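Structure first, then comments.
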Amino acid sequence: MPLSRKVVENINLSGGSFLGVSRGGAKTSEIVDSIQCRKRKLKVSVVAVPKTIDNDILFMDKTFGFDTAVEEAQRAINSAYIEARSAYHGIGLVKLMGRSSGFIAMQASLSSGQIDVCLIPEVSFTLDGEHGVMRHLEHLLEKKGFCVVCVAEGAGQDLLQKSNATDASGNVILSDFGVHMQQKIKSHFKDIGVPADVKYIDPTYMVRACRANASDAILCTVHGAFAGFSGITSGICNTHYAFLPITEVITKPKRVNPNSRMWHRCLTSTGQPDFH
């Protein structure tokens, strides 16, 4: 698709992808034929766009789309908070995106100030037992009368039946931990004879199908290709806007460090214990 200045000048005003999206199935040879790249000695720039709301790109402080996703996620959290607070023994449960990195769940929980339990893929936990999540939810209902739980989609996969199925990109299809938590909470409180009203919210694609906020709009104004750079991607690294080699940022995904200050701030904000 030819992209002239006239074609692209207003695409920042819309959400989604102007070029369309796909999940796997692309052939490298067809991509090379399409862009007619460097081996043919043509003047062409190859620039990767780090558009991932999961914020899981190595070396980058944040990827564009992340701030917008966190902002939208807070709407879901606030709805869960209102529903849980309004019900007798209400438990608000919100599932957010994050296959292997829990940045959205962590940041949304921290910024909202309404979350009592945040569960992410990087930190293991138990649901049952004296130090499990269920026992803490009992304590919260007894103490506050309601609570709000935020989970990343990739959390707790070790507690679920594993699937060998993969999507078109080769990613393992995850079991639905949000639905599992919903059912687990209901059955647990039924078994102990305590009424609990579970309000489950799964905003999923709503957190990314929206127009970029101001922070992300500034971050995605990239001019590296026009400057002649190739084989690079762009992002904020140590608070500076920078061009980074594609070969370096794809070596592994960035994940939440359980020993980081940010995760400990999240724990302080929620007040949750170590679920082991």
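Please read all numbers here as calculations on a predicted model, not as lab measurements.
- H136 has its ring centre less than 6.0 Å from the ring centre of F275.
- No donor-acceptor pair under 3.5 Å is formed between the side chain of T68 and the backbone N or O of A212.
- E142 CD: 12 or fewer foreign heavy atoms inside a 6.0 Å radius.
- You'll find the side chain of L244 stays beyond 4.5 Å of the side chain of S234, heavy atoms only.
- Side-chain contact between L96 and C150: present, with at least one pair of heavy atoms (C-beta onward) separated by less than 4.5 Å.
- Side-chain contact between M206 and E72 is absent, with no heavy-atom pair separated by less than 4.5 Å.
- Under the 6.0 Å cut-off for aromatic ring centres, F146 and Y88 do not qualify, their centroids lying 6.0 Å or more apart.
- Atom SG in C147 sits 14.0 Å away from atom CZ in R85 (nearest 0.5 Å).
- Of the inter-residue distances, the one linking L93 atom CG with I77 atom CD1 reads 11.0 Å to the nearest 0.5 angstrom.
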Before you tell me yes or no, could you show the steps for T52 and D56 under side chain to side chain donor-acceptor pair (under 3.5 Å), namely the whole-Å CA-CA distance, both residues' side-chain angles and the distance that decides it to 0.1 Å? CA-CA 7 Å; T52 166; D56 56 353; 3.3 Å; yes
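- Within the 3.5 Å criterion, the main-chain N or O of I53 finds no donor-acceptor partner in the side chain of R208.
- Closest non-hydrogen pair, P121 versus A152, comes out as CD-CB, 3.7 Å.
- For the atom pair OH (Y200) and CD (Q183), the distance works out to 9.5 Å, reported to the nearest 0.5 Å.
- Across N257 and W263, no two heavy atoms sit closer than the pair O-CB, 3.8 Å.
- The structure places CG of D61 at 9.5 Å from NE2 of H240, a figure rounded to the nearest 0.5 Å.
- Panel note: side chain T270, backbone L267; a donor-acceptor pair is recorded below 3.5 Å.
- Looking only at side-chain heavy atoms (C-beta outward), M60 and P50 come within less than 4.5 Å of each other.
- There is a path of hydrophobic side-chain contacts, each under 4.5 Å, that joins V133 to L141.
- The shortest non-hydrogen separation linking A155 to L119 is CB-O, 3.7 Å.
- Taking 4.5 Å as the limit, some side-chain heavy atom of F189 sits within range of a side-chain heavy atom of E138.
- Across every non-hydrogen atom of A196 and I91, the tightest pair is CB-CD1, 4.2 Å.
- Salt-bridge check for D67 with K62: passed, with a basic side-chain N closer than 4.0 Å to an acidic carboxylate O.
- The pair D54-K254 fails the salt-bridge criterion, with no side-chain N (NZ, NE, NH1 or NH2) lying under 4.0 Å from an Asp/Glu carboxylate O.
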Between N78 and R75, does a side-chain contact (heavy atoms from CB on, under 4.5 Å) hold up when you go through it step by step? CA-CA 5 Å; N78 188 53; R75 300 178 191 271; 5.8 Å; no
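- Using modelled atom types, one side-chain atom of E122 and one backbone atom of G102 make a donor-acceptor pair closer than 3.5 Å.
- Taking all atoms of both residues into account, the shortest heavy-atom contact from A87 to D197 is CB-OD2, 3.7 Å.
- Both M181 and I192 are members of a single hydrophobic cluster when ILVMFWY side chains are connected at heavy-atom separations under 4.5 Å.
- Relative orientation of the F229 and F243 rings is tilted, given thresholds of 30° and 60° on the angle between their planes.
- Among the candidates K184, Q182, K190, the single residue satisfying the side-chain contact (heavy atoms from CB on, under 4.5 Å) test with K186 is Q182.
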Decide side-chain contact (heavy atoms from CB on, under 4.5 Å) for L58 and T251; before the verdict, give the C-alpha distance in whole Å, the side-chain angles of both, and the deciding distance to 0.1 Å. CA-CA 8 Å; L58 205 60; T251 54; 3.3 Å; yes
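- When hydrophobic clusters are built by joining Ile, Leu, Val, Met, Phe, Trp and Tyr residues whose side-chain heavy atoms come closer than 4.5 Å, directly or via intermediates, M97 is not grouped with V151.
- Atom CZ of F103 sits about 9.5 Å away from atom CZ of R255, to the nearest 0.5 Å.
- A continuous path of Ile, Leu, Val, Met, Phe, Trp and Tyr side chains, each step under 4.5 Å between heavy atoms, connects I115 with I82, placing both in one hydrophobic cluster.
- Remark: the Q272 side chain and the D116 side chain contain no N/O donor-acceptor pair separated by less than 3.5 Å.
- Salt-bridge formation is not detected for the pair R135/D128: no Lys NZ or Arg NE/NH1/NH2 atom is positioned less than 4.0 Å from an Asp or Glu carboxylate oxygen.
- Taking every heavy atom of both residues into account, A80 and V94 meet most closely at CB-CG2, 3.4 Å.
- F177 and V198 fall within the same hydrophobic cluster, defined by Ile, Leu, Val, Met, Phe, Trp and Tyr side-chain heavy atoms under 4.5 Å apart, directly or through other members.
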Test log, rule side-chain contact (heavy atoms from CB on, under 4.5 Å), inputs L137 and I185: CA-CA 9 Å; L137 296 186; I185 294 171; 3.9 Å; yes
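- Between the side chain of S175 and the main chain of L160, no donor-acceptor pair closer than 3.5 Å is present.
- Checking side-chain atoms of S101 against main-chain N and O of G98 turns up no donor-acceptor pair under 3.5 Å.
- In this structure, the side chain of H276 engages the main chain of S124 through a donor-acceptor pair within 3.5 Å.
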Stepwise ring-ring contact (aromatic ring centres under 6.0 Å, His included) check, Y241 with F64: CA-CA 12 Å; Y241 290 90; F64 72 84; over 10 Å; no
Apply side-chain contact (heavy atoms from CB on, under 4.5 Å) to residues H188 and V194 and explain how you reach the verdict. CA-CA 9 Å; H188 174 80; V194 176; over 6 Å; no
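- With rounding to the nearest 0.5 angstrom, the CG atom of D176 is 9.0 Å from the CD atom of E153.
- No donor-acceptor distance shorter than 3.5 angstrom exists from the side chain of S269 to the backbone of R265, with no hydrogens or angles considered.
- When side chains are defined from C-beta on, L127 counts as touching F125, because their heavy atoms get closer than 4.5 Å.
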